[in-house]
**Student:** 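Submitted below is the structure of interest, expressed as structure tokens.
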Amino acid sequence: MTHPLVPQIIELATPVAEQIGLEVVGAVFHTNQRPPVLRVDIRNPNQNTGLDDCERMSRALEATLDAAEIIPDAYVLEVSSPGISREIETDREFISFKGFPVIVRTSSPHEGQQEWNGQLIRRDETAVYINQKGRVLEIPRTLIVRVLLDERH
């Protein structure tokens, strides 16, 4: 079921995207996470959508959403492109993509960072384990917002 704020969010995001040469593809508001995560998917109609497009949209949209004050509580804004990444969610996917490059994003900093890159080792009940240049990192699942295949590699 679509969150009731999604149509308003898309209405606010569309002109922001158009001003910087992008298009809004969709939005999802995950209120079951703490803090809630608002994901806005965009694409660049003129070239492959890159991380710089997502960063530009994120900065521009953040100001617009803050000014509109339609989301009363703290939330995490994620801007992504359907072409950039693929989220890994199921146990089967964590097994299938062992050894693949991934990006792990956390809701709050873990060891000073909110984004980790490395090769996926495994996931258990408490953590996701990645290999970062020979060093095994254990990232608590309670902090993880998303685990994405890193398709830039």
Side-chain angles (χ1 to χ4, degrees), residues 2-3 5-6 9-10 12-13 16-17 20-66 71-153:
T2 302
H3 189 279
L5 285 176
V6 166
I9 291 164
I10 290 173
L12 287 168
V16 171
I20 54 178
L22 303 170
E23 296 174 353
V24 173
V25 178
V28 182
F29 198 20
H30 297 282
T31 54
N32 59 332
Q33 297 178 322
R34 293 285 166 258
V37 175
L38 170 60
R39 190 183 84 224
V40 177
D41 291 328
I42 58 153
R43 74 179 201 93
N44 186 328
N46 305 313
Q47 63 188 37
N48 285 338
T49 309
L51 287 176
D52 57 325
D53 293 319
C54 294
E55 289 167 11
R56 287 185 307 131
M57 179 63 179
S58 182
R59 280 193 296 275
L61 183 56
E62 199 168 7
T64 301
L65 289 173
D66 287 349
I71 304 170
D73 300 315
Y75 67 97
V76 174
L77 173 63
E78 284 184 3
V79 175
S80 65
S81 163
I84 284 185
S85 56
R86 174 152 182 259
E87 193 163 356
I88 302 173
E89 295 176 309
T90 66
D91 288 337
R92 183 176 174 172
E93 288 173 326
F94 274 90
I95 293 165
S96 297
F97 293 110
K98 178 182 177 181
F100 280 69
V102 293
I103 301 166
V104 180
R105 294 194 178 131
T106 57
S107 57
S108 58
H110 173 67
E111 294 181 17
Q113 287 180 229
Q114 281 188 262
E115 187 168 289
W116 298 87
N117 297 35
Q119 270 69 41
L120 179 63
I121 298 172
R122 67 186 168 92
R123 171 176 86 166
D124 64 21
E125 290 75 33
T126 61
V128 169
Y129 302 85
I130 62 172
N131 178 338
Q132 195 174 53
K133 298 177 184 160
R135 182 174 153 234
V136 175
L137 292 172
E138 182 178 328
I139 303 166
R141 281 183 67 171
T142 54
L143 295 178
I144 295 174
V145 175
R146 294 176 89 191
V147 178
L148 308 164
L149 277 179
D150 188 350
E151 295 177 358
R152 298 171 296 181
H153 294 276

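Note that the structure is a prediction, hence the values are computed from the model and not measured.
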**Student:** Could you walk me through whether Ile71 and Phe29 pass the side chain to side chain contact (heavy atoms under 4.5 Å, CB included) test, one step at a time?
**Tutor:** CA-CA 10 Å; Ile71 304 170; Phe29 198 20; 3.9 Å; yes
**Student:** Would you compute the distance between atom OH of Tyr129 and atom CG of Asp124 and round it to the nearest 0.5 angstrom?
**Tutor:**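 It is 3.5 Å, given to the nearest 0.5 Å.
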**Student:** Is Glu125 salt-bridged to Arg141, going by a charged N under 4.0 Å from an acidic O?
**Tutor:**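 Judged by the 4.0 Å cut-off on N to carboxylate O distance, Glu125 and Arg141 do not form a salt bridge.
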**Student:** For residues Leu148 and Ile88, determine if any side-chain heavy atom of one lies less than 4.5 Å from a side-chain heavy atom of the other.
**Tutor:**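 Leu148 vs Ile88: side chains apart.
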**Student:** Which distance, rounded to the nearest 0.5 Å, do you find between the CG of Asp150 and the CD1 of Ile130?
**Tutor:**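 The distance works out to 10.5 Å.
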**Student:** So, do Asn117 and Val102 sit near enough that their side-chain heavy atoms are less than 4.5 Å apart?
**Tutor:**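 No. Closest side-chain heavy atoms not under 4.5 Å.
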**Student:** Taking the side chain as C-beta and beyond, is there a heavy-atom pair between Val145 and Glu78 under 4.5 Å?
**Tutor:**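 Yes, side chains in contact.
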**Student:** Applying side chain to side chain contact (heavy atoms under 4.5 Å, CB included) to Val24 and Asp41, what does each step give before you reach the verdict?
**Tutor:** CA-CA 6 Å; Val24 173; Asp41 291 328; over 6 Å; no
**Student:** Quick one: does His30's side chain have a donor or acceptor within less than 3.5 Å of a partner on Asn32's backbone?
**Tutor:**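 No.
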**Student:** Give me the atom names and distance for the closest heavy-atom approach of Gly99 to Gln119.
**Tutor:**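 Reported closest heavy-atom pair: O-CG, 3.2 Å.
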**Student:** Can you list the steps and then say if Glu111 with Arg135 is a salt bridge (Lys or Arg N to Asp or Glu O under 4.0 Å)?
**Tutor:** CA-CA 14 Å; Glu111 294 181 17; Arg135 182 174 153 234; 3.3 Å; yes
**Student:** So how far is it from Glu23 CD to Arg43 CZ, rounded to the nearest 0.5 Å?
**Tutor:**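 Reported to 0.5 Å precision, the distance equals 4.0 Å.
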**Student:** What is the minimum heavy-atom distance between Pro35 and Ala74, and which atoms define it?
**Tutor:**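 Closest approach of Pro35 to Ala74: CB-O, 4.0 Å.
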**Student:** Would you check if His110 and Glu138 make a side-chain contact, meaning some heavy-atom pair closer than 4.5 Å?
**Tutor:**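 No; the side chains remain at least 4.5 Å from each other.
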**Student:** Compare every heavy atom of Gly21 with every heavy atom of Asn46, then report the nearest pair and how far apart it is.
**Tutor:**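 Scanning both residues, the minimum pair turns out to be ND2-O, 4.3 Å.
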**Student:** Quick one: are Pro140 and Thr126 in side-chain contact, heavy atoms under 4.5 Å?
**Tutor:**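 Pro140 does not reach Thr126 side chain to side chain.
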**Student:** Take Val147 and Phe94 through the test side chain to side chain contact (heavy atoms under 4.5 Å, CB included) and record every step on the way to the result.
**Tutor:** CA-CA 9 Å; Val147 178; Phe94 274 90; 4.0 Å; yes
**Student:** How close do Val6 and Ala27 get, counting heavy atoms only, and between which atoms?
**Tutor:**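 Shortest heavy-atom contact: CG1-O, 3.6 Å.
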**Student:** Within this structure, what is the CG-OG distance for the pair Asp53 and Ser58, rounded to the nearest 0.5 Å?
**Tutor:**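 It comes to 12.0 Å.
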**Student:** Considering non-hydrogen atoms only, spot the tightest contact between Asp66 and Tyr75 and give its length.
**Tutor:**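 Closest pair (atom of Asp66, atom of Tyr75, distance): OD1-OH, 4.0 Å.
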**Student:** Under 3.5 Å, is there a donor-acceptor pair between the side chain of Arg122 and the main chain of Ile95?
**Tutor:**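 No, the answer is negative, given that no donor and acceptor are paired below the 3.5 Å cut-off.
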**Student:** Tell me, do Arg123 and Asp91 make a side-chain contact under 4.5 Å, heavy atoms counted?
**Tutor:**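 Yes, their side chains come closer than 4.5 Å.
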**Student:** Rounded to the nearest 0.5 Å, how far does CH2 of Trp116 lie from CD1 of Ile139?
**Tutor:**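 Answer rounded to 0.5 Å: 6.0 Å.
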**Student:** Between Gln114 and Thr106 (side chain of the first, backbone of the second, donor and acceptor by atom type, cut-off under 3.5 Å), is there such a pair?
**Tutor:**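 Side chain of Gln114 to backbone of Thr106, a donor-acceptor pair under 3.5 Å: yes, one is there.
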**Student:** Checking the side chain of Ser96 only, and the main-chain atoms of Arg92 only, is there a donor and an acceptor separated by less than 3.5 Å?
**Tutor:**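 At least one qualifying donor-acceptor pair exists.
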**Student:** In a check of side-chain contact (heavy atoms from CB on, under 4.5 Å) between Ile9 and each of Leu38, Thr64, Val28, which one passes?
**Tutor:**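 Answer to the side-chain contact (heavy atoms from CB on, under 4.5 Å) test with Ile9 among Leu38, Thr64, Val28: Leu38.
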**Student:** Please examine the side chains of Leu143 and Ser108, heavy atoms only from C-beta on, and report whether any two atoms are closer than 4.5 Å.
**Tutor:**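 In contact.
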**Student:** First locate atom CG of Asn44, then atom SG of Cys54, and finally report the distance between them rounded to the nearest 0.5 Å.
**Tutor:**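 Answer rounded to 0.5 Å: 10.0 Å.
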**Student:** Looking at every non-hydrogen atom in both residues, tell me the closest pair between Glu89 and Glu93 and how far apart they are.
**Tutor:**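 Shortest heavy-atom separation between Glu89 and Glu93 comes out as N-OE1, 2.7 Å.
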**Student:** Would Leu22 and Arg56 count as a side chain to side chain contact (heavy atoms under 4.5 Å, CB included) if you check the C-alpha gap in whole Å, the side-chain angles of each, and the deciding distance to 0.1 Å?
**Tutor:** CA-CA 10 Å; Leu22 303 170; Arg56 287 185 307 131; 3.9 Å; yes
**Student:** Please examine the side chains of Leu65 and Leu12, heavy atoms only from C-beta on, and report whether any two atoms are closer than 4.5 Å.
**Tutor:**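 Yes, close enough: below the 4.5 Å cut-off.
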